[in-house]
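Just so you know, these numbers use all the heavy atoms, side chains as well, and skip hydrogens, waters and symmetry mates. Numbered from 1 within each chain, the chains take letters A, B, ... in sequence-line order.
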2 protein chains.
Amino acid sequence: MSRTTIADVAREAGVTKATVSHALSGNRPISEETKAKVLAAAEKLNWAPSQSARALATRRANAVAVVLARDPEVIANDSFFPAFIAGVESVLAETETALLLQVVSGRDAEERAYRTLTHGRADGALLLDLRTDDWRVPFLDDLGLPTVLVGTYDQPTGFSCVRTDDAAPVREIIAHLRAAGHERIAHVSGPLAYVHSKARAAAYVEAIGGDELLREGDFTAASGRTRTAELLALPERPTAILYSNDTMAIAGLSYARSQGLAIPQDLAISGFDDDHLSAHLSPALTSVSSDPAARGRAAARLLRADILGAQPRTEIVDCNVVHFRDSTS
Amino acid sequence: MSRTTIADVAREAGVTKATVSHALSGNRPISEETKAKVLAAAEKLNWAPSQSARALATRRANAVAVVLARDPEVIANDSFFPAFIAGVESVLAETETALLLQVVSGRDAEERAYRTLTHGRADGALLLDLRTDDWRVPFLDDLGLPTVLVGTYDQPTGFSCVRTDDAAPVREIIAHLRAAGHERIAHVSGPLAYVHSKARAAAYVEAIGGDELLREGDFTAASGRTRTAELLALPERPTAILYSNDTMAIAGLSYARSQGLAIPQDLAISGFDDDHLSAHLSPALTSVSSDPAARGRAAARLLRADILGAQPRTEIVDCNVVHFRDSTS
DNA sequence: ATGAAAGCGCTAACAA
DNA sequence: TTGTTAGCGCTTTCAT
């Protein structure tokens, strides 16, 4: 690898290591002439600074981490994550910051992961899949690791936060369904331990005025099917179901059809997250897109600012758009 | 953060830094007694070795990288990637190796990314989305960065490789369709620059004996729709279409229906990669699952071995399974 | 505007 | 089995 070091470049350019360092970082005035010499030498020797040496000297890893504590199945089900990461990356790339990804299972593993990160691996972290009373929030606060919360967190924290309004699209869909004459509207939520699931469910309950037709799913197709079956077995079955993700919605749609119901005539269905396939189904699925890449970009920018010592801020990325498609009309 | 260093722990335990280091790494015999003292001191001071200092001293970053050169849209479309990463992680976690993710666009950016990685950021890389005559293969060879190729590469290289047999499932689907009486079977491929797309297309051409009904798509829904429209407009339209991913298959299915065709009676359709939604569509989509997590695990293991200096090996992970569902029967 | 030298926190010879 | 001593390759005071 990089067998050539800054010393080689310094020698080649006829200057000292300090000059080479500053010529590249711009941390102090350098004459155009020597700067050119240094750059030429670096180019000639094909040299680039060693990230690990730099990290040690500056006490900065130039890397941030995303720790994912999810079941493998849920990871594969998720259309949010890849696009989110792409957004994060696009911002990190500007400052040559690396993205560390860690998939862990179990609280112990997750704690260990954060501990290791803190010790010279990463300068900050992005926290996804927030839960109510999430232990990670105080834990990371304790560690002193700059962190950005992605998702609406319901308690005061000293962390920066990227929020979206999960309630608005729920209200919008319900209003739409009501206008179309629906009176028994059900909701299959995600795990209520997640703040975003909870926020959507709460918006539903408030709009409907009750939770009689609320069922808790877990974002998997299996739960979409089961909860739908329960709802359809009710004496007075719902005429519309609003799901908290597309996977459950499609599983539900599929089940309803198997029971002889026509979509949307007998049962209107809407999803959430707007999976890339949803617009192409028959009927096309009504869903809510949320521009995960934009949220990724916002989160990365906030984290960068935090690392540089800025005051924590909450940024609202309001990019939820309801796409009304055939499954609700 | 880690304001406490190995020196503090050494003092606390009444030994030297070297002893502390070895007590943790096990790199030389340590008496149980001192080892216990060291561990206790480390625990008490809540100390863990700094990864950046360690990286500098050992010339090993304890990290491997995945560089993704893809359009954002294709990333979001892809059901392979998240599961693959989860598999990679499960193996890396065993050795506390971090995963660096880099999403780049453009060859320049990708070259820069690899250069930076080589300079103390990562010990190795996983190469995805291989293309025929991929410039990255000789480039990485040049850089001397241990690399594992994920996907069937068609040229001899000095790199380890995780292969799958893309041809077998194609043959199996075609045989199945023929047995059901289909004679005009079409194929909508992915970009033929990708080795896996090409391998599938080649298997198709060989089984069919011609490429009259072969169309090149790009894995997006839009291309699935367009290519399908072309095929259905043919004087003698195909009675079955085999797509190289599920996104295109579903877009095609949707289009065919809009033209009044019944699936599978008028047109049989099969996909590839078995998106998590595919089994839940109506009709359920015939597709090929490929256990991305298993491939991720294999790739990570090979890379680890490479980094430790093992001979490059090619491992065949044969996990392609065709799921025949309603869309083909 | 540049040079000299002291670390950053760890590992790894080399000794004992 | 343990201690001593150099580095790893960079950044960053402090001088000049």
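- Using a 4.0 Å heavy-atom cutoff across all strands shown, B:Ser25 reaches no nucleic acid atom at all.
- Side chain of A:Asp134 to main chain of A:Arg131: a donor-acceptor pair is present (N/O by atom type, distance under 3.5 Å, no hydrogens or angles).
- Close to D:dT1, at under 4.0 Å from its OP1 or OP2, lies no side-chain N or O of B:Thr34.
- Going from atom CH2 of A:Trp47 over to atom C1' of D:dG9 covers 9 Å, rounded to whole Å.
- Under the ring pair (Phe, Tyr, Trp, His ring centres under 6.0 Å) criterion, A:Tyr114 pairs with no residue at all, not counting sequence neighbours.
- Within the structure, a side-chain polar atom (N or O) of B:Ser31 is placed less than 4.0 Å from OP1 or OP2 of D:dT2.
- Rounded to whole Å, the distance from CZ on A:Arg60 to P on C:dG9 is 14 Å.
- Here salt bridge (Lys or Arg N to Asp or Glu O under 4.0 Å) pairs that include residues 22-45 of chain A, with residues two or more places apart or in two chains, are A:Glu12-A:Lys44.
- Of the candidates A:Leu24, A:Val20, A:Leu39, A:Val15, A:Val20 is the only one forming a side-chain contact (heavy atoms from CB on, under 4.5 Å) with A:Val9.
- Between A:Ser50 and D:dG9, a side-chain N or O to OP1/OP2 separation shorter than 4.0 Å is absent.
- Among residues at least two apart or in separate chains, salt bridge (Lys or Arg N to Asp or Glu O under 4.0 Å) pairs with a member in residues 101-121 of chain A are A:Arg107-A:Glu111, A:Glu110-A:Arg136, A:Glu111-A:Arg115.
- With the end axes of the helix from C:dA1-D:dT16 to C:dA16-D:dT1 each set by five pairs, the angle from one to the other reads 30° at 10° resolution.
- Residues meeting the ring pair (Phe, Tyr, Trp, His ring centres under 6.0 Å) test with A:Phe219, sequence neighbours left out: A:His196.
- Applying the salt bridge (charged side-chain N to carboxylate O under 4.0 Å, His left out) criterion to A:Arg11, with sequence neighbours excluded, gives A:Asp8.
- Here D:dG9 presents its P atom at 20 Å from NE2 of A:His22, a figure rounded to the nearest Å.
- For the side chain to side chain contact (heavy atoms under 4.5 Å, CB included) test, residues two or more places apart in sequence or in another chain that qualify with B:Ser160 are B:Val148, B:Leu302, B:Asp306, B:Pro312.
- For B:Phe159, there are no ring pair (Phe, Tyr, Trp, His ring centres under 6.0 Å) partners at least two apart in sequence or on another chain.
- Per the geometry, CG belonging to B:Leu24 stands 8 Å off P belonging to C:dT11, to the nearest Å.
- Per the geometry, CG belonging to B:Leu45 stands 14 Å off P belonging to C:dG9, to the nearest Å.
- Counting any heavy atom pair closer than 4.0 Å across all strands shown, A:Ser21 reaches a base atom.
- Summarising the geometry, the separation between CD on B:Glu33 and P on D:dT1 is reported as 12 Å, rounded to the nearest angstrom.
- Atom C1' of nucleotide D:dT12 and atom CD1 of A:Ile30 are separated by 13 Å, given to the nearest angstrom.
- Atom P of nucleotide C:dG7 and atom CZ of A:Arg54 are separated by 22 Å, given to the nearest angstrom.
- For residues 92-104 of chain B, the set of pairs meeting the side chain to side chain donor-acceptor pair (under 3.5 Å) definition, not counting sequence neighbours, comprises B:Glu94-B:Arg304, B:Thr95-B:Thr97.
- In terms of modelled atom types and a separation under 3.5 Å, the side chain of A:Thr147 and the main chain of A:Leu145 share a donor-acceptor contact.
- For the pair A:Asn27 and D:dT12, the criterion of a side-chain N or O lying under 4.0 Å from OP1 or OP2 is met.
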When you compare the protein's N or O atoms with those of nucleotides 14-16 of chain D, which come within less than 3.5 Å of each other, and at what distance?
none

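- Residues satisfying the ring pair (Phe, Tyr, Trp, His ring centres under 6.0 Å) test with A:Tyr153, not counting sequence neighbours, are none.
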What does the list of N/O pairs under 3.5 Å between the protein and nucleotides 5-8 of chain D look like, with a distance for each?
unit_1 : atom_1 : unit_2  : atom_2 : d
D:dC8  : O2     : B:Ala57 : N      : 3.3

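- Side-chain nitrogen and oxygen atoms of A:Ser52 include none within less than 4.0 Å of the OP1 or OP2 phosphate oxygen of D:dC10.
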